[in-house]
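Structure first, then comments.
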Amino acid sequence: MLHSILEERLRAAFATAFPDTDVGEITVRPCQNPKFGDYQCISVMPLAKKLAAEGEKPNPRPIATNVLEALDVADLCEKVEIAGPGFINFYVKVEGIESVCKAAARGEHLFFEKTRKPRTIVIDFSSPNVAKSMHVGHIRSTILGDALSRLFRLLGHNVITDNHIGDWGTQFGMLLVGWKEHLDQVALEADPIPELERVYKLVNSLTKTDKVVADRARDELVKLQGGDKENFGVWKKLIALSETQFEEMYARLGVKFDHALGESFYNEKLPGIVEDLLDTGIARVTDGAIGVFSDGNLPKKQDPFLNQKDGEWVGIPALVRKKDGGFNYTTTDLATLEHRNSEWHPQEIVYVTDDRQQQHFQQLFAAYLRWRPETSAKLAHVWFGKILGDDRKPLKTRDGDNVKLKDLLNEAEERAFRIVDEKNSELDEAAKREIARIVGIGAVKYADLLPHRQSDYVFDWDKMLSFSGNAAPYLQMSYTRICGIRRKTEAAGHDASIQPDLLKLGEEAEIALAKKLLGFGLVLDAVGEDYRPNLLCNYLYELSGLFSKFFEQCPVMKSEAAIRRSRLVLCDLTARVIEQGLNILGIETSEVM
RNA sequence: GCUCCCGUAGCUCAGCUGGAUAGAGCAGCUGCCUUCUAAGCAGCUGGUCGCAGGUUCGAAUCCUGCCGGGAGCGCCA
C-alpha cells in the first residue's frame, strides 16, 4: 500500500540520517487538508524536542532537511516538501495511485492487508435473558459486537463469539410460580415470550405484597437449584421457547455466534471458585456474604474496590456469594473468564456492554488477575452509551416499557417499505419487501454505529430513514447506482468487463475518489485499535460523497471507450469497498433500490 | 461526597488520540433533472469548541479549578 511504502522509506531515511532514533515513532498518515499534499509526517517536531540539547531550542526543519536528503521516493511522489515548523508533506504521483488500484482490480487486495500477527479474540456480546423479550437494551451490544467480530475476522484474526445468555438466577423462582399457577396456554402457544413476561410481572408484583407467594417463589427456586425434575423440565422448556425468539431476532439481524454458553453452564464451578478465592485470601466473609476486597496495591483513586463516602475511603467489595448462599454475577463472570482462557487460550477477551457496568468489569478484571496472575490475555471492556427517546431520556414505549427489538425492526421495515413503494412503485411486491428489509434493518444498524460508541444518542426514525445525509440508504444507494451503471452499460451493448490495466485517472473527481479508496485499510486498523466502527461509518460516508461527485462529473456509459473502460474499473473498486465496508457493519446491499 | 462520561453552528452529531484556516447532516435561502437512480450535486447563511487558568513551536483534543447535564457507587445483572 502506498502509505505503508512511504512510511517504510521514510523510516529508512531516518535510520540513515539519525541512527539513534526509534523509527517506530516515525509515522506517515493521510493529510486532512489536500492543500498540504496527500500524506504527511508530523513526527519530526516531537523528535526535534528529544534531540535538542539541554536548554536549547528544538529545531525541526534542519532535521527534516537531513532526512529528505536520505529519502528516495521519486518513483512515487511528485514532490516532498518541508512546511511550517517541520511537517514533511508528500505529493504522490497519479501513477502510484493507479498502480495500487490496478492491483486491487486484479484481486490482489482490497486496499487493506490482513494482520501479520493473528490473535485469538473472544468477543462477548448481546447477552439476552431467557423468558424476556429482546429489547432496545440489546441493540447496541448486538450490533457493535457483531461489527467488531466481522472486522477482526476480515483482518485475519481467530474470532470466537460467545453469547452469555441470562439463563439462570432468582427470576426463575417467580417464573416457575407463574408457569404453574397463572399460565394462559392459548396465549403461550400464540406468542410465548409476552405470556411469560406477563406471568413474571404478575408474580413479581404479588411477591411484593404477599409473603406466601414470595416464599413459594423462593421454594421453587431452591427446588430448581437442587435439581428437582419437574422444575428442571420447566426451566428447559423456558430456554427452548426463548431460543426460538433469539434465533428469529439473530436471523433478522444476520448475527451468528460460535457459542452460547449461558450463565447456567458455569453453575457447578461456582462453589469451587469461591472456596479458592477464600483459600488464597483474595475474598473474605463480610456480613455473612463473601466478597473480594481491595488488596491495597493500587492508588486509592484507581482502586475499583474503594469508594469515598463523606470524606472516608470505604471498601466496595465485589460479592461472590450472597448471605443466603446464592452466587453473584461476578462469580459467574470469573468462571466464564476461567473457561475462556483455559479452553481457547485467547490473546484478547472483549466484553461489549453498556456504560453502567464499568466498575463491575474493573473489579472483575482486577479480581481475576489476582486469582490468575499468569493471565496474559488482554481484557477489554468495550462500553457504550444509552439510546434516548425524544425527551432525551432512555428510550421507552408510551407505557414506560422497553421497546421490543421485534417491534423496532418491524417498524423499520414498514417505514422503509412506504418509502420504497413511493420511490419505486413499479417494482413488484416481493422485490419492494426485500429492499425494505435491507434498507430498514440497515438504517437501524447504521444509526447505532454512526455515533461514537461512548456517547448517548437520540433514536430518530426520520433521521435514519430520511434517505439523505449520513444514513445507511445513502451508502446503499451509492452501491446501487454503480450496479445501475454496469447494467446500463451492458444493455447499451458495450463491453462492461473489468480490465484492470485500462484504469487511467484523469479528472479531479476520479483522483479524489481513488485516493479515498487507498485509505480503506488505515480506517479498518483504526476501528480495530479502539473498537470504534463509527470511524468506518464516517469513511464510507465520505467515500460515497466522493463517488457522488464523480457520478455527477464523470459520465461512464456515454464516454468514449477508453475512458468508459477506465471508469468502469474505478466504479467496480468503489462498489467493492462500499460493499465490504457495509458488510463489516453487518449491513446488506441491493443491486436495485 | 467519590468515580466515569459528556458540554463543538438554531437542532443532531463528527473531529483519525497534540497538527496547519474546527467539519458534516438536518433546518433556512440559491442554482442544477429530454442526460448512468434528483434517495443526488454545486453554492450561501450559520462558531468566544461550557468558563478560567496552565503545559508548548502548536490545544476542541493533555493538566488544574469552577459551572451545567448523565450514569454508577454492598448482597440485581
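Every chain is numbered from 1 and lettered A, B, ... according to where its sequence line falls, protein lines coming before strand lines.
Under the Watson-Crick or G-U wobble criterion, with both distances below 3.5 Å, B:A27 has no partner in any strand shown.
The side-chain ring of A:F36 is stacked on the base of B:A20, judged by centre separation under 5.5 angstrom and plane angle under 30 degrees. No aromatic stack links A:Y541 and the base of B:A24, using centre distance under 5.5 Å and interplanar angle under 30°.
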Anything under 3.5 Å between a protein N or O and an N or O of nucleotides 6-8 of chain B, put it in a table, one pair a line.
none

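Between atom CD1 of residue A:I578 and atom CD1 of residue A:I482 there is a gap of 5.0 Å, rounded to the nearest 0.5 Å.
Whole-Å rounding puts the A:R532 CZ to B:C13 C1' distance at 13 Å. Between the CZ atom of A:F547 and the P atom of B:C36 there is a distance of 13 Å, rounded to whole Å. Between A:M45 atom CE and B:U56 atom P the separation is 16 Å, expressed in whole Å. Rounded to whole Å, the distance from CD on A:Q476 to P on B:G40 is 13 Å.
Electrostatic pairing of A:D354 and A:K386 does not count as a salt bridge here, judged by no charged N lying under 4.0 Å from a carboxylate O. Ion pairing of A:E588 with A:R437 is present here, as a side-chain N (NZ or NE/NH1/NH2) and a carboxylate O approach within less than 4.0 Å. Between A:R486 and A:D572, at least one side-chain N (NZ, or NE/NH1/NH2) sits under 4.0 Å from a carboxylate O, which counts as a salt bridge.
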Take nucleotides 64-77 of chain B nucleotide by nucleotide from the 5' end and write B, S or -, depending on whether a protein heavy atom sits under 4.0 Å from the base, only from the sugar-phosphate, or from neither.
------SSSBBBSB

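Across all strands shown, A:N89 has heavy atoms under 4.0 Å from base atoms, whether or not it also approaches the sugar-phosphate. No contact: A:R486 has no heavy atom under 4.0 Å from any strand. Residue-level contact check: A:Y539 touches neither bases nor backbone, having no heavy atom under 4.0 Å from any strand. A:V556 comes within contact range of at least one nucleobase, with a heavy-atom separation under 4.0 Å. Note on A:F551: a base of the nucleic acid sits closer than 4.0 angstrom, heavy atoms only. Note on A:S548: only backbone sugar-phosphate atoms sit closer than 4.0 angstrom, heavy atoms only; bases stay farther off.
Of the P atoms belonging to B:G46 and B:G10, the separation is 11 Å, rounded to the nearest Å. The same atom, P, is picked in B:U64 and in B:C2; the two are 14 Å apart, to the nearest Å. Between B:U45 and B:U3, the distance separating the two C1' atoms is 43 Å to the nearest Å.
A glycosidic torsion no more than 90° from 0 defines the syn conformation, and B:U17 adopts it.
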Carefully, step by step, assess A:S590 and A:Y479 under the rule side chain to side chain donor-acceptor pair (under 3.5 Å).
CA-CA 8 Å; A:S590 169; A:Y479 177 84; over 6 Å; no

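Residue-to-nucleotide contacts include a donor-acceptor pair under 3.5 Å from the side chain of A:D530 to the base of B:U17.
Between the side chain of A:Y539 and the main chain of A:K516, a donor-acceptor pair closer than 3.5 Å is present. Panel note: side chain A:H3, backbone A:L522; no donor-acceptor pair is recorded below 3.5 Å. A:N89 places no side-chain N or O within donor-acceptor distance of the main-chain N or O of A:Q40, the cut-off being under 3.5 Å.
Centroid-to-centroid, the aromatic rings of A:Y329 and A:H360 come within less than 6.0 Å.
Remark: A:R481 is not positioned above the aromatic ring of A:F547, lacking an NZ or CZ atom under 6.0 angstrom from the ring centre and at most 45 degrees off the axis.
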